[in-house]
Amino acid sequence: MFDVIIAGCGPTGAMLAAELRLHDVRVLVLEKETAPVSFVRIVGLHVRSIELMAMRGLLERILERGRQRPAGGFFAAINKPAPEGLDSAHAYLLGIPQPVIVQLLEEHAIELGAQVRRGCAVADFEQDDDGVTVELADGEQLRSRYLVGCDGGRSTVRKLLGVGFPGEPSRTETLMGEMEVGVPQEEIATKVTEIRETHQRFWLRPFGEGVYSVLVPAAGVSDRAQPPTLEDFRQQLRTIAGTDFGVHSPRWLSRFGDATRLAERYRVGRVLLAGDAAHIHPPIGGQGLNLGVQDAFNLGWKLAAQIRGWAPETLLDTYQAERHPVAEDVLDNTRAQMELSSTEPGPRAVRRLLTELMDFDEVNRHLIEKITAIGIRYDFGEGPDLLGRRLRDIDVKQGHLYDLLHRGRGLLLDRTERLTVGGWSDRVDHLADPTAVLDVPCVLLRPDGHVAWIGDDQQDLDDHLSRWFGKPAN
Ligand SMILES: Cc1cc2nc3c(=O)[nH]c(=O)nc-3n(C[C@H](O)[C@H](O)[C@H](O)COP(=O)(O)OP(=O)(O)OC[C@H]3O[C@@H](n4cnc5c(N)ncnc54)[C@H](O)[C@@H]3O)c2cc1C
């Protein structure tokens, strides 16, 4: 008997397993592939995801394996630098191969005590009042208290659950791959700049050591049912650029569409959905993996609280209440970005206008805070603007605030030095620090770093500790 079975060891499943293990939850991750994915797709980790890594002590490990790039230029690939003074100690993008992220998160989960079984596909399940019986493709049955489907866009768990996945089917196909080129970088840069004046779904981006990420429309080449070939890329490059840049030695080649869909519900009884299993959208802006990892970060401590028995009655349902609107917003911004990438005169005019508007700091800031997910504000009710937002990594007397969050517990940051977490001290840490760089007296942080309370009154604090962390221990 496990507490939680997770279907799928992609970035979302691995992150969730680690988060649950911080609270001693017995976790089994079932992954249908026998070996980790070998193709190297370089993805962008945006600011909020980098912050999550810092909050769990993984920052150094992840920085070593990725390449830091400026945070700007991601909204519809409009070439504008990030505004000055972005509200984060980690205001950059980290380009990193997706398999490396998965490997790091999986290792972290295993170090914390999670079990990962590869070559095990979840084929069926049945839930009852006490738990879920999960059936594998080979007929083996396993039992757990909860099941979480982190099994990607074609999620078996979502389908078996009968949860609707409304949205739009794919209409526009794009080829994307990584390969080496046969001409000098300057020659490519000049040509790409010229072509991108009119073609937004076209790029050759250097990733170092002669490897380029190549993106071209799929229209007209290759059979949708077959994997794309290098020749498909060459043909499209020649059609659009008049040269195929001598591309060769592909690392991986893929085709993606712009299907955009969102699960109607994230939870049915003891079964939940997270990551691509709950939402799919085109990769423009590079948000899918980030969104999934952040789902896991939101869900982990809540599901752990439910299992440990201290969760307030509605806590687990706040997962959907908070994350569904975030996904809705990401889906919408990718729809907008796809429109802005069209070669039609109307969308091109809108793109030019938006490019001008992004010279206004507030517009640029709004868009980058969306893409990087640092602008998210959960609805915790009436209160100051900081309530419901995540707190940046500020300096505190022990060093960095995020270093105090590695164990995934709540934290009271108390500048008054007269408050206490009392009977919640088994779930919430207390840091009395009058020097903390905050313009409010005290904040209560949830384990995901979001501000759950602001104030200086003990009774009010106790009410909010109850709201988020359940009944006091004594
Ligand atoms: C071309 C391209 C570029 C992208 N670039 C970016 C980017 O720059 N930034 C970004 O944030 N996102 C990017 N994405 C999106 C990102 O790759 C996905 O959003 C991310 O992989 C979702 O993670 P996940 O763990 O939810 O699902 P997945 O990565 O799909 O993992 C699901 C796992 O579940 C397993 N599984 C499936 N079915 C079962 C089953 N029945 N039982 C057990 N296991 C099962 C699968 O084998 C897989 O390992 C890109 C996507 C594409 C296509």
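On a predicted model such as this, the values are computed, not experimentally measured, just so you know. Each residue takes its place number in the sequence, starting with 1. Read the numbers this way: they start at 1 and go in the same order the structure lists the ligands and their atoms.
Enclosure of atom CD in Gln68 by more than 12 non-hydrogen atoms of other residues, nucleotides or ligands within 6.0 angstrom is indicated. Other residues, nucleotides and ligands contribute only 12 or fewer heavy atoms inside 6.0 Å of the CZ atom of Arg67. Counting heavy-atom neighbours within 6.0 Å of Glu339 CD, excluding the residue itself, gives a total of 12 or less. Heavy-atom contacts from other residues, nucleotides or ligands closer than 6.0 Å to CG of Asp128 number more than 12. Remark: Arg154 CZ is loosely packed, at most 12 non-hydrogen atoms of other residues, nucleotides or ligands lying under 6.0 Å away. Within 6.0 Å of CD in Glu111 there are more than 12 heavy atoms belonging to other residues, nucleotides or ligands.
A distance of 13.0 Å separates CD1 in Ile368 from NZ in Lys80, rounded to the nearest 0.5 Å.
Counting heavy atoms closer than 4.0 Å to ligand 1, residue Ala123 contributes nothing at all. At a heavy-atom cutoff of 4.0 Å, ligand 1 is contacted by no atom of Ala277, backbone or side chain. Counting heavy atoms under 4.0 Å from ligand 1, residue Met176 touches it through the side chain alone. Contact annotation for Gln287 and ligand 1: only backbone heavy atoms (N, CA, C, O) come within less than 4.0 Å of the ligand.
Of the protein's non-hydrogen atoms, Thr12 OG1, 3.4 Å is the one closest to atom 24 (P) of ligand 1. Counting only heavy atoms of the protein, atom 44 (N) of ligand 1 lies nearest to Lys32 N, 3.2 Å. Here the heavy atom of the protein found nearest to atom 39 (C) of ligand 1 is Asp151 CB, 3.7 Å. Shortest contact from atom 2 (C) of ligand 1 to any protein heavy atom: Arg41 NE, 3.5 Å. Scanning all protein heavy atoms for the shortest distance to atom 19 (O) of ligand 1 gives Asp276 OD1, 2.9 Å. The nearest heavy-atom contact from the protein to atom 34 (O) of ligand 1 is Gly8 CA, 3.2 Å. Nearest to atom 50 (C) of ligand 1 among the protein's heavy atoms is Pro283 CB, 3.7 Å. Here the protein heavy atom with the shortest distance to atom 47 (O) of ligand 1 is Glu31 OE2, 2.6 Å.
In this structure, His46 has its ring center under 6.0 Å from that of Phe74.
In this structure, Gly153 has no heavy atom closer than 4.0 Å to ligand 1.
Compare Ala14, Gly292, Ala278, Pro11 by their heavy atoms: the one nearest to atom 23 (O) of ligand 1 is in Pro11. When Val102, Asn290, Leu291 are checked for heavy-atom proximity to atom 11 (O) of ligand 1, Asn290 turns out nearest. Comparing Thr34, Leu160, Leu289, Val157 by heavy-atom distance to atom 12 (N) of ligand 1, the nearest is Leu289. Closest heavy-atom approach to atom 27 (O) of ligand 1 among the candidates Gly152, Ser49, Ser254, Gly44: Gly152. The residue among Val43, Asp124, Val122 with a heavy atom at the shortest distance from atom 41 (N) of ligand 1 is Val122.
In this structure, the side chains of Arg145 and Met1 come closer than 4.5 Å at one or more pairs of heavy atoms. Side chains of Ile240 and His199 form a contact here, defined as non-hydrogen atoms less than 4.5 Å apart. Using a 4.5 Å heavy-atom cutoff, the side chains of Phe2 and Val25 are not in contact. Taking 4.5 Å as the limit, every side-chain heavy atom of Arg255 sits out of range of all side-chain heavy atoms of Met176.
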| request: Would you sort out whether Val116 and Glu106 count as a side-chain contact (heavy atoms from CB on, under 4.5 Å), showing the intermediate values? | output: CA-CA 8 Å; Val116 179; Glu106 185 179 339; 3.7 Å; yes
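Under the side chain to side chain contact (heavy atoms under 4.5 Å, CB included) test applied with Tyr212, the options Glu180, Arg205, Glu178, Gln185 reduce to a single match, Gln185. Tested against Leu160 for a side chain to side chain contact (heavy atoms under 4.5 Å, CB included), the candidates Thr156, Val163, Val157 yield a single pass: Thr156.
Each of the following atoms of ligand 1 lies closer than 4.0 Å to a heavy atom of Glu33: 47 (O). Remark: ligand 1 atoms within the under-4.0 Å shell around heavy atoms of Phe256 are 1 (C). The contact set between ligand 1 and Cys150, taken as ligand atoms under 4.0 Å from a residue heavy atom, comprises 32 (C), 33 (C), 34 (O). Within ligand 1, counting atoms from 1 as listed, the ones closer than 4.0 Å to a heavy atom of Gln98 are 16 (C), 17 (O), 20 (C), 21 (O), 29 (O). In summary, the atoms of ligand 1 found under 4.0 Å from a heavy atom of Thr156, numbered by their order in the structure, are 41 (N). Listed by atom number, the atoms of ligand 1 under 4.0 Å from Gly275 heavy atoms are 26 (O).
Between Gly286 and ligand 1, a contact under 3.5 Å exists for at least one N or O pair. Residue Gly13 has no N or O atom closer than 3.5 Å to an N or O atom of ligand 1.
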